[in-house]
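For reference, the structure is listed below as structure tokens.
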Amino acid sequence: MGGTCLQFFGFISSVIGWIGVVVATTTNDWVLTCDYSINTCRKLDELGSRGLWADCVISVGLYHCKPLADILALPAHIQAARALMITSSFLGLPAVFLLLSAMPFIRMGHDPGTEKHKRFRLGGILVVILALCTIIATIWFPVSTHRETTIVTFGYSLYAGWIGAAFCLFGGSVIVCCAGESHAFMENRFYYSSQGSGSPTHAKSANV
């Protein structure tokens with residue numbers, strides 16, 4: 001029972017984290033920048049918003065974005081952050097599928113427990129890789145941006161990436177470290193047999 005709870009907890013944490021990573025990848029509010037001091041920016045009420053896909057200008061009644069379409073002209077840290085975040089987002093798809101198919105309440109024909117255990121471990125490893133890619137991107141991007149301009153504050157996209165990476169790293173670690181041995185996926189599986197038309201049906205444990 002305890003192993004099943006850990007499996008489910010790791011799976012839920014990984015899914016929540018992956019959603020946060022996708023939000024960070026698809027949105028553009030990573031850092032808020034300004035060419036002046038923080039006090040001057042606040043007085044002028046004019047800030048810049050920088051992300052993976054566009055540079056935006058924020059002021060009263062105005063939110064104008066310039067897409068970063070010229071890939072070859074982009075700084076290296078933006079290209080690297082894009083590649084890492086896209087990789088993280090796409091890694092989540094097979095990871096979630098592997099974890100979901102290996103959950104105890106999911107049956108895929110006569111699926112042996114050893115195969116479920118392998119899929120569960122592989123899904124956990126993919127989630128950990130996903131988290132590490134996100135951590136690298138969400139740290140590298142603001143550090144490199146700060147060298148070019150003054151960062152006033154971090155945006156919600158960056159926070160979503162950090163929170164998502166933390167959930168994925170935690171969930172993936174729980175899955176990889178606490179999944180147990182392969183025989184754990186073969187325990188607590190039941191089949192029902194009837195010993196006659198008038199006799200009751202009994203649940204019996206079966207180790208396949």
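When reading the values below, keep in mind they use all heavy atoms of this one structure, side chains included, and skip hydrogens, waters and symmetry mates. Quick note: residue numbers are just sequence positions, from 1.
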So which heavy atom on T27 is nearest to which on V23, and how close? OG1-O, 2.6 Å
Can you give me the closest heavy-atom contact between G123 and A95, atom names plus distance? O-CB, 3.9 Å
Should the pair R50-D55 be classified as a salt bridge under the 4.0 Å nitrogen-to-oxygen rule? yes
Could you tell me whether the side chain of S157 and the main chain of D29 form a donor-acceptor pair under 3.5 Å? yes
Give a yes or no answer on whether the side chain of S13 reaches the backbone of F167 with a donor-acceptor pair at less than 3.5 Å. yes
Do W162 and F154 have ring centres separated by under 6.0 Å? yes
Could you check whether any side-chain N or O of R119 sits under 3.5 Å from a backbone N or O of L98, counting only pairs where one atom can act as donor and the other as acceptor? no
Side chains of C168 and V128: does their closest heavy-atom pair fall under 4.5 Å? no
Would Y156 and I19 show up in the same hydrophobic cluster when neighbours are defined by side-chain heavy atoms closer than 4.5 Å? no
L52 versus N28, closest heavy-atom pair with distance: N-OD1, 3.5 Å
Side-chain contact test, heavy atoms from C-beta onward, threshold under 4.5 Å: evaluate it for T134 versus L84 and give yes or no. no
So do L99 and F120 actually touch side chain to side chain, heavy atoms under 4.5 Å? yes
Any side-chain heavy atom of I135 sitting closer than 4.5 Å to one from I139? yes
Answer whether the closest heavy-atom distance between the side chains of I78 and P75 falls below 4.5 Å. yes
The reported gap from OG in S88 to CG in L132 (rounded to nearest 0.5 angstrom) is 9.0 Å
side-chain contact (heavy atoms from CB on, under 4.5 Å) between T145 and V143, worked out: CA-CA 6 Å; T145 302; V143 170; over 6 Å; no
Tell me the closest heavy-atom pair linking T25 and M85, and the distance in Å. OG1-CE, 3.3 Å
Please report the shortest heavy-atom distance between L158 and T138, naming the atom on each side. CD1-O, 3.5 Å
May I ask you to decide if L32's main-chain N or O and S49's side chain share a donor-acceptor pair within less than 3.5 Å? no
Ring pair (Phe, Tyr, Trp, His ring centres under 6.0 Å) pairs touching residues 122-145, sequence neighbours excluded, are W30-F141, H77-F141
Looking at Y159, I want to see if its OH is surrounded by more than 12 non-hydrogen atoms of other residues, nucleotides or ligands under 6.0 Å. yes
d(L93 CG, L130 CG) to nearest 0.5 Å is 9.5 Å
Transitive ILVMFWY side-chain link F170 to I136, under 4.5 Å: no
Are the side chain of Q7 and the backbone of I175 linked by a donor-acceptor contact shorter than 3.5 Å? no
Beyond-backbone contact of V127 with W18, side-chain heavy atoms, under 4.5 angstrom: no
Exceeds 12 heavy-atom contacts within 6.0 angstrom, atom CZ of F90: no
Can you list the steps and then say if R82 with L68 is a side-chain contact (heavy atoms from CB on, under 4.5 Å)? CA-CA 11 Å; R82 278 186 180 183; L68 301 176; 3.5 Å; yes
A side-chain contact here means heavy atoms from C-beta on lying under 4.5 Å apart; do S14 and V96 qualify? no
Inter-residue atom distance I125.CD1 - R121.CZ, 0.5 Å rounding: 7.5 Å
